[in-house]
Amino acid sequence: MGISDVLRSRKATFLFSDKEVKEETIVDLLDSARFAPNPTGIYEYEFIIVVDKDIKKAVSEACLTPNIDSAPFIVIIVCNPKKLESLFEKEEANEICIDNAAMVAEFIIVHSSEIGLSNASITNLNQAKMRQILGLPEDYIVRWVIPIGYSSEESKGYEQTPPKIGDMVHIDKF
Ligand SMILES: Cc1cc2nc3c(=O)[nH]c(=O)nc-3n(C[C@H](O)[C@H](O)[C@H](O)COP(=O)(O)O)c2cc1C
């Protein structure tokens with residue numbers, strides 16, 4: 001499938017089958033995500049790949065998404081905004097972290113969808129619980145959680161239809 005079709009057909013999945021995914025595949029996804037556009041060249045984000053059954057369960061509870069521990073891998077993007085504070089005020093550094101994590105997450109989501117894997121985005125999470133589960137150093141925050149695997153046939157995604165393009169585009173001025 002070409003990238004344009006991948007973008008139009010991708011759907012989030014919160015329930016996964018037990019079909020195996022190789023660890024090298026996940027590492028390759030993260031390797032390509034290193035090349036996501038980055039505004040500073042500082043790369044303040046890192047990845048945690050969760051494979052342990054009990055940790056996946058704890059993460060799924062802290063994310064209020066009870067079934068994502070069915071995924072063979074849960075990728076977590078963590079950021080250290082302090083790394084940006086030589087260039088930006090604290091608040092701006094936090095905002096840049098959010099933007100950059102979104103860009104990196106999008107690379108992971110699109111690449112994994114392109115190779116037939118399913119995923120979901122989760123950002124509404126219990127930060128304190130996640131920090132404790134993952135043993136995060138003090139300066140880091142959890143920005144994005146992406147369970148990745150093959151979708152279960154019973155998976156019920158969200159039915160969302162974007163507006164028509166003609167309702168979203170303005171030429172030259174609003
Ligand atoms: C930035 C972002 C954050 C999200 N956070 C959550 C979340 O915390 N919990 C959740 O159940 N879904 C979350 N979602 C929604 C799903 O991942 C999914 O994208 C959404 O339901 C739309 O379905 P679709 O991706 O199949 O179009 C988030 C989506 C985005 C883009």
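First listed ligand is number 1; within each ligand, the first listed atom is number 1. The figures that follow rest on heavy atoms only: side chains count, while hydrogens, waters and symmetry mates do not.
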Cluster overlap L7 with F107, hydrophobic side-chain contacts below 4.5 Å |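 Different clusters.
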
Protein contact of [atom] - nearest heavy atom, named by residue and atom, plus distance:
atom	answer
atom 1 (C) of ligand 1	W144 CH2, 3.4 Å
atom 21 (O) of ligand 1	Y158 CD1, 2.9 Å
atom 8 (O) of ligand 1	N124 N, 2.8 Å
atom 3 (C) of ligand 1	T123 OG1, 3.2 Å
atom 15 (C) of ligand 1	S121 O, 3.9 Å
atom 18 (C) of ligand 1	A12 CB, 3.5 Å
atom 16 (C) of ligand 1	F14 CZ, 3.6 Å
atom 25 (O) of ligand 1	R10 NH1, 2.8 Å

Are R34 and D31 within salt-bridge range, i.e. N to O under 4.0 Å?
->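 Salt bridge between R34 and D31, a charged N being under 4.0 Å from a carboxylate O: yes.
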
With atom 9 (N) of ligand 1 as the reference point, say which of L125, I122, T161, T13 has the nearest heavy atom.
->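 It is I122 that holds the nearest heavy atom.
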
Just wondering, more than 12 heavy atoms not from K11 lying within 6.0 Å of its NZ?
-> yes

Mind checking whether T65 has an N or O less than 3.5 Å away from an N or O of ligand 1?
-> no

Is there a side-chain contact between I148 and I108, using heavy atoms and a 4.5 Å cut-off?
-> yes

Does the side chain of E61 reach to within under 4.5 Å of the side chain of K57, using non-hydrogen atoms?
->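 They are in contact (side-chain heavy atoms under 4.5 Å apart), so the answer is yes.
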
Going by the atom numbers of ligand 1, which of them fall below 4.0 Å from some non-hydrogen atom of K11?
-> 24 (P), 26 (O), 27 (O)

Numbering the atoms of ligand 1 from 1, which are under 4.0 Å from a heavy atom of Q160?
-> 22 (C)

Exercise: identify the closest heavy-atom pair between Y45 and N100 = CE2-CB, 3.9 Å

Pairs of donor and acceptor atoms involving the side chains of residues 120-145, under 3.5 Å and at least two apart or interchain, shall be tabulated with distances.
from: S121; atom 1: OG; to: W144; atom 2: NE1; distance (Å): 3.2
from: N126; atom 1: OD1; to: A128; atom 2: N; distance (Å): 3.2
from: N126; atom 1: OD1; to: K129; atom 2: N; distance (Å): 3.0
from: Q127; atom 1: OE1; to: V142; atom 2: N; distance (Å): 2.7
from: Q127; atom 1: NE2; to: V142; atom 2: O; distance (Å): 3.1
from: R131; atom 1: NH1; to: Y140; atom 2: O; distance (Å): 2.4
from: R131; atom 1: NH2; to: P137; atom 2: O; distance (Å): 3.1
from: R131; atom 1: NH2; to: E138; atom 2: O; distance (Å): 3.0
from: R131; atom 1: NH2; to: Y140; atom 2: O; distance (Å): 3.4
from: Y140; atom 1: OH; to: E46; atom 2: OE2; distance (Å): 2.5

Do any pairs count as a side chain to side chain donor-acceptor pair (under 3.5 Å) and have a residue in residues 14-28, sequence neighbours left out, and if so which ones?
->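 Pairs touching residues 14-28 that pass the test: none.
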
